[in-house]
J.: 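Before anything else, here's the structure in question.
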Amino acid sequence: MAGSADVVVAGGGVIGLSAAWLSAEEGISVRVVDPAPGRGAAWVAGGMLAPVAEATFGEEALVGLFLDAAARWPAFAARLTEATGMETGFQQCGTVAVALDASDRAEIDQLLDFRHELGLDTSRLSSSECRSLVPGLSPAIRGGALMPGEQQVDNRAVVLALVEACTRAGVDLVAERVASVSVGRDGAADGVVTQGGTLIPAGTVVLAAGAETPRIGGVPAAVVPPVRPVKGHVVRLQTAGTHQAFDHIVRGLVHGHHCYLVPRADGSVVLGATSEERGYETTVRAGAVHMLLDDARLLLPGIDEWELLECIAGLRPGSPDNAPFVGPTAVPNLVLATGHYRNGFLLTPITAEAVAAYLATGSIPPPLDAFPADRHLAAAPPAGA
Ligand SMILES: Cc1cc2nc3c(=O)[nH]c(=O)nc-3n(C[C@H](O)[C@H](O)[C@H](O)COP(=O)(O)OP(=O)(O)OC[C@H]3O[C@@H](n4cnc5c(N)ncnc54)[C@H](O)[C@@H]3O)c2cc1C
């Protein structure tokens with residue numbers, strides 16, 4: 001490891017790697033410190049880029065951010081493939097939301113009205129329209145909704161391509177765990193200290209360790225982002241064929257439970273996901289897997305014949321308002337890029353571009369500037385109140 005870099009990124013998930021890559025392409029020298037790049041939540045995720053399906057009551061402020069984020073994906077995916085020669089699995093496949101019973105149907109209809117009010121591109125589907133769009137759906141389906149503009153990527157292909165893009169752009173990947181941020185006598189961040197005690201100096205420190213970000217030491221309590229781990233189980237299945245099982249992402253509402261099935265080009269399907277507040281643990285639990293499979297087979301009875309490839313769990317970096325923390329903090333030279341919760345893939349290009357722009361110009365561009373990284377301090381009651 002030679003000399004000090006302009007920037008050290010603590011955490012090489014989809015956010016840290018993409019921010020490092022685009023910053024390096026701007027001529028900034030970057031080091032990413034991560035014991036297992038790409039193996040956090042990004043390895044587990046469904047890879048849906050779903051601004052419409054994620055638009056929900058009370059989160060109107062996020063919809064514009066999500067739509068802007070989604071619009072950047074076609075160019076970002078093309079750039080990543082051009083830089084590496086590697087595919088990302090990017091496709092505009094659309095989403096079909098389906099309801100199993102009458103109250104599921106009512107919930108989908110309510111969301112449909114809300115999304116129409118926001119001007120989003122979605123339309124009501126009858127039961128037979130759902131079944132003609134998604135072969136194999138159960139005749140019990142009560143109908144649903146189409147979101148034709150939704151996209152997906154292959155999450156694992158994306159992080160593998162980002163590692164390659166970083167390497168080609170000259171990013172130094174250091175396989176160590178960050179224990180703490182180093183803060184100099186002037187109160188400014190000047191590097192990170194690894195678990196082994198090595199100081200890795202840098203002009204700017206970017207904290208991008210996903211759900212683990214608050215566990216990195218050396219950061220004043222008020223600056224630690226209020227990020228919490230939200231556990232999600234996923235089941236990976238393989239259909240009999242080697243081509244995409246169905247065209248659209250399927251989002252199911254099954255007696256009030258949410259699940260999704262994301263069909264990949266190679267015939268595999270990602271079935272997700274639970275949402276559990278259990279702290280920092282990623283044990284795969286039988287009950288969670290059972291529930292996902294049980295719900296999914298009510299929608300698509302044919303999955304009983306599919307091969308069970310993998311059961312895995314990961315930790316989403318949840319934030320109190322479901323928006324990310326991207327930008328400078330009260331500690332000079334300490335920048336946050338975390339808290340992307342359920343939409344870290346959707347928000348990857350917009351976050352990476354914002355971090356690279358901040359490092360080059362000193363300001364976070366719109367629309368992410370509407371979500372300052374220290375906004376939780378404004379929301380907190382004054383001390384002693
Ligand atoms: C079940 C599930 C399904 C999901 N589905 C989707 C989806 O369909 N679409 C979507 O947009 N998003 C989805 N997400 C969310 C998305 O995966 C996350 O928002 C995204 O991965 C966050 O990226 P990140 O880089 O901040 O964190 P991560 O991907 O978790 O990466 C964090 C990295 O930091 C490293 N790290 C941790 N601690 C340290 C340390 N002390 N020092 C150095 N490195 C450290 C880890 O090794 C890891 O590589 C899903 C998440 C889950 C769990």
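It should be emphasised that the depicted structure is a prediction, and the values quoted were computed from it without experimental measurement. Note that ligands are numbered from 1 as they come in the structure, with each ligand's atoms numbered from 1 the same way.
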J.: Can you pull out the closest protein heavy atom to atom 45 (C) of ligand 1? Residue, atom name and distance to 0.1 Å, please.
T.: Ala209 CB, 4.0 Å

J.: Determine yes or no for a side-chain-to-main-chain donor-acceptor pair under 3.5 angstrom, with Ser29 supplying the side chain and Asp6 the backbone.
T.: yes

J.: So is Pro317 polar-close to ligand 1, meaning N/O to N/O under 3.5 Å?
T.: no

J.: Out of Glu176, Gln195, Arg316, Lys231, who gets a non-hydrogen atom closest to atom 2 (C) of ligand 1?
T.: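 Result: the heavy atom closest to atom 2 (C) of ligand 1 is in Arg316.
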
J.: By number and element, which atoms of ligand 1 are closer than 4.0 Å to a non-hydrogen atom of His340?
T.: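 Listed by number with element, the hits are 19 (O).
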
J.: If you round to the nearest 0.5 Å, how far is CZ of Arg316 from CG of Asn343?
T.: 10.0 Å

J.: Can you tell me the protein heavy atom closest to atom 29 (O) of ligand 1 and the distance?
T.: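 I find the closest protein heavy atom is Ala42 N, 3.0 Å.
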
J.: Polar-atom distance check: Ala273 versus ligand 1, any N or O pair below 3.5 Å?
T.: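 It does not: no N or O of Ala273 is found under 3.5 Å from an N or O of ligand 1.
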
J.: Roughly how far, to the nearest 0.5 Å, is CG of Leu237 from CG of Leu308?
T.: 6.0 Å

J.: Just to be sure I read this right, does ligand 1 sit under 4.0 Å from the backbone of Leu49, its side chain, both, or neither, counting only heavy atoms?
T.: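 Within the 4.0 Å criterion, Leu49 makes no contact with ligand 1.
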
J.: Do Ile15 and ligand 1 have an N or O pair less than 3.5 Å apart?
T.: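 Among all N and O atoms of Ile15, at least one is under 3.5 Å from an N or O of ligand 1.
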
J.: Specify the protein heavy atom at minimum distance from atom 31 (O) of ligand 1: its residue, its atom name, and the distance to 0.1 Å.
T.: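 Checked against all protein heavy atoms, atom 31 (O) of ligand 1 sits closest to Gly13 CA, 3.3 Å.
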
J.: Looking only at protein heavy atoms, which one is nearest to atom 50 (C) of ligand 1, and how far off is it?
T.: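 Protein heavy atom at minimum distance: Ala45 CB, 3.5 Å.
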
J.: Whether the side chain of Thr122 engages the backbone of Leu146 through a donor-acceptor N/O pair (distance < 3.5 Å, no angle test) should be reported.
T.: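 Yes, because the side chain of Thr122 sits within donor-acceptor range (under 3.5 Å) of the backbone of Leu146.
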
J.: Decide whether an N or O pair under 3.5 Å exists between Val230 and ligand 1.
T.: no

J.: When His248 is tested against each of Val262, Leu133, Leu261, Thr95 for side chain to side chain contact (heavy atoms under 4.5 Å, CB included), which residue passes?
T.: Leu133

J.: Have a look at ligand 1 and work out which part of Pro35, if any, has a heavy atom under 4.0 Å from it: side chain, backbone, both or neither.
T.: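 The answer is the side chain.
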
J.: Atom 26 (O) of ligand 1: which protein heavy atom is closest, and how many Å away?
T.: Gly210 CA, 3.4 Å

J.: Using 0.5 Å steps for rounding, measure from the CG atom of Leu125 to the CD1 atom of Ile141.
T.: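 Result: 11.5 Å between the selected atoms.
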
J.: Rounded to the nearest 0.5 Å, how far apart are CG of Leu120 and CZ of Arg115?
T.: 8.0 Å

J.: Which atoms from ligand 1 have a heavy atom of Gly314 less than 4.0 Å away?
T.: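 Near Gly314, meaning under 4.0 Å from one of its heavy atoms, ligand 1 has 53 (C).
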
J.: Below 4.0 angstrom from a heavy atom of Glu212, which ligand 1 atoms are there? Numbered from 1 as shown, please.
T.: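 Answer for ligand 1: 37 (C), 38 (N).
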
J.: Which option out of Glu54, His233, Arg177 puts a heavy atom nearest to atom 39 (C) of ligand 1?
T.: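 That would be Arg177.
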
J.: Students should be able to answer this: which protein heavy-atom is nearest to atom 5 (N) of ligand 1, and at what distance?
T.: Gly46 N, 3.1 Å

J.: Below 3.5 angstrom, do we get any N/O pair linking Tyr341 and ligand 1?
T.: yes

J.: Using the six-membered ring wherever Trp is involved, compare the ring planes of His376 and Phe325 and label them parallel, tilted or perpendicular (cut-offs 30° and 60°).
T.: perpendicular

J.: Between Trp43 and ligand 1, which residue portion shows a heavy-atom distance shorter than 4.0 Å: side chain, backbone, both, or neither?
T.: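 No part of Trp43 is near ligand 1 at this cut-off.
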
J.: Considering only protein heavy atoms, which is closest to atom 41 (N) of ligand 1, and at what distance to one decimal place?
T.: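 Checking every protein heavy atom, the shortest distance to atom 41 (N) of ligand 1 gives Val178 O, 2.9 Å.
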
J.: Between Glu276, Glu277, Glu281, which is the residue that forms a side chain to side chain donor-acceptor pair (under 3.5 Å) with Lys231?
T.: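 Only match with Lys231 under side chain to side chain donor-acceptor pair (under 3.5 Å): Glu281.
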
J.: Pick one of side chain, backbone, both or neither for how Tyr260 approaches ligand 1, counting any non-hydrogen atom pair under 4.0 Å.
T.: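 The part of Tyr260 near ligand 1 is the side chain, not the backbone.
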
J.: Rounded to the nearest 0.5 Å, what's the gap from CD1 on Ile249 to CD on Gln152? Could you check?
T.: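 Between Ile249 CD1 and Gln152 CD, I get 5.0 Å after rounding to 0.5 Å.
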
J.: Does Arg342 approach ligand 1 within less than 4.0 angstrom via side chain, backbone, both or neither, non-hydrogen atoms only?
T.: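 Only the backbone of Arg342 comes within reach of ligand 1.
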
J.: Any N or O of Ala10 that comes nearer than 3.5 Å to an N or O of ligand 1?
T.: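 N/O-N/O distance below 3.5 Å does not exist for this pair.
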
J.: Indicate yes or no: does an N/O atom of Leu346 lie under 3.5 Å from an N/O atom of ligand 1?
T.: yes

J.: Quick one: are Val205 and Val331 in side-chain contact, heavy atoms under 4.5 Å?
T.: no

J.: Which ligand 1 atoms are under 4.0 Å away from a heavy-atom of Val14?
T.: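 Atoms satisfying the 4.0 Å criterion: 20 (C), 21 (O), 23 (O), 25 (O).
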
J.: Taking the basic N atoms (NZ, or NE/NH1/NH2) and the acidic carboxylate oxygens, is any pair closer than 4.0 Å for Glu54 and Arg251?
T.: yes

J.: Which pair of heavy atoms, one from Ala337 and one from Val355, lies closest together, and at what distance?
T.: CB-CG2, 4.1 Å

J.: Under 3.5 Å, side chain of Gln238 to main-chain N/O of Asp266, donor-acceptor pair present?
T.: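 Yes; at least one donor-acceptor contact below 3.5 Å.
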
J.: Return a yes/no value for Leu315: is any of its N or O atoms, backbone included, closer than 3.5 angstrom to an N or O of ligand 1?
T.: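 Leu315 vs ligand 1: no N/O contact under 3.5 Å.
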
J.: If the cut-off is 4.0 Å to any non-hydrogen atom of Gly38, which atoms of ligand 1 fall inside it?
T.: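 Selected atoms, number and element: 49 (O).
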
J.: Does Gly272 have a non-hydrogen atom less than 4.0 Å from ligand 1?
T.: no

J.: With rounding to the nearest 0.5 Å, note down the distance linking CD in Gln195 to OG in Ser180.
T.: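 So the gap between those two atoms works out to 10.0 Å.
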
J.: If you compare all heavy atoms of Ala55 against all heavy atoms of Val63, which two are closest, and at what distance to 0.1 Å?
T.: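 Minimum heavy-atom separation between Ala55 and Val63: CB-CG2, 3.7 Å.
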
J.: Taking side chain as C-beta onward, heavy atoms only, is Val8 less than 4.5 Å from Val33?
T.: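 The answer is yes; the side chains approach within 4.5 Å.
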
J.: Under 4.0 Å from a heavy atom of Ala36: give me the atoms of ligand 1 that qualify, with their elements.
T.: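 Going through ligand 1 atom by atom, the ones under 4.0 Å from Ala36 are 47 (O), 49 (O).
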
J.: What do we get for Ala41 next to ligand 1 when only non-hydrogen atoms under 4.0 Å count, side chain, backbone, both or neither?
T.: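 Near ligand 1, Ala41 shows its backbone as well as its side chain.
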
J.: Mark up the atoms of ligand 1 that fall under 4.0 Å of a heavy atom belonging to Asn343, in ascending order.
T.: 10 (C), 11 (O), 12 (N)

J.: Taking the basic N atoms (NZ, or NE/NH1/NH2) and the acidic carboxylate oxygens, is any pair closer than 4.0 Å for Glu310 and Arg156?
T.: yes

J.: Hey, which atoms in ligand 1 end up nearer than 4.0 Å to a heavy atom of Met48?
T.: 7 (C), 8 (O), 9 (N), 10 (C), 11 (O)

J.: How close does the nearest protein non-hydrogen atom get to atom 35 (C) of ligand 1, and which residue and atom is it?
T.: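 That would be Asp34 OD2, 3.0 Å.
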
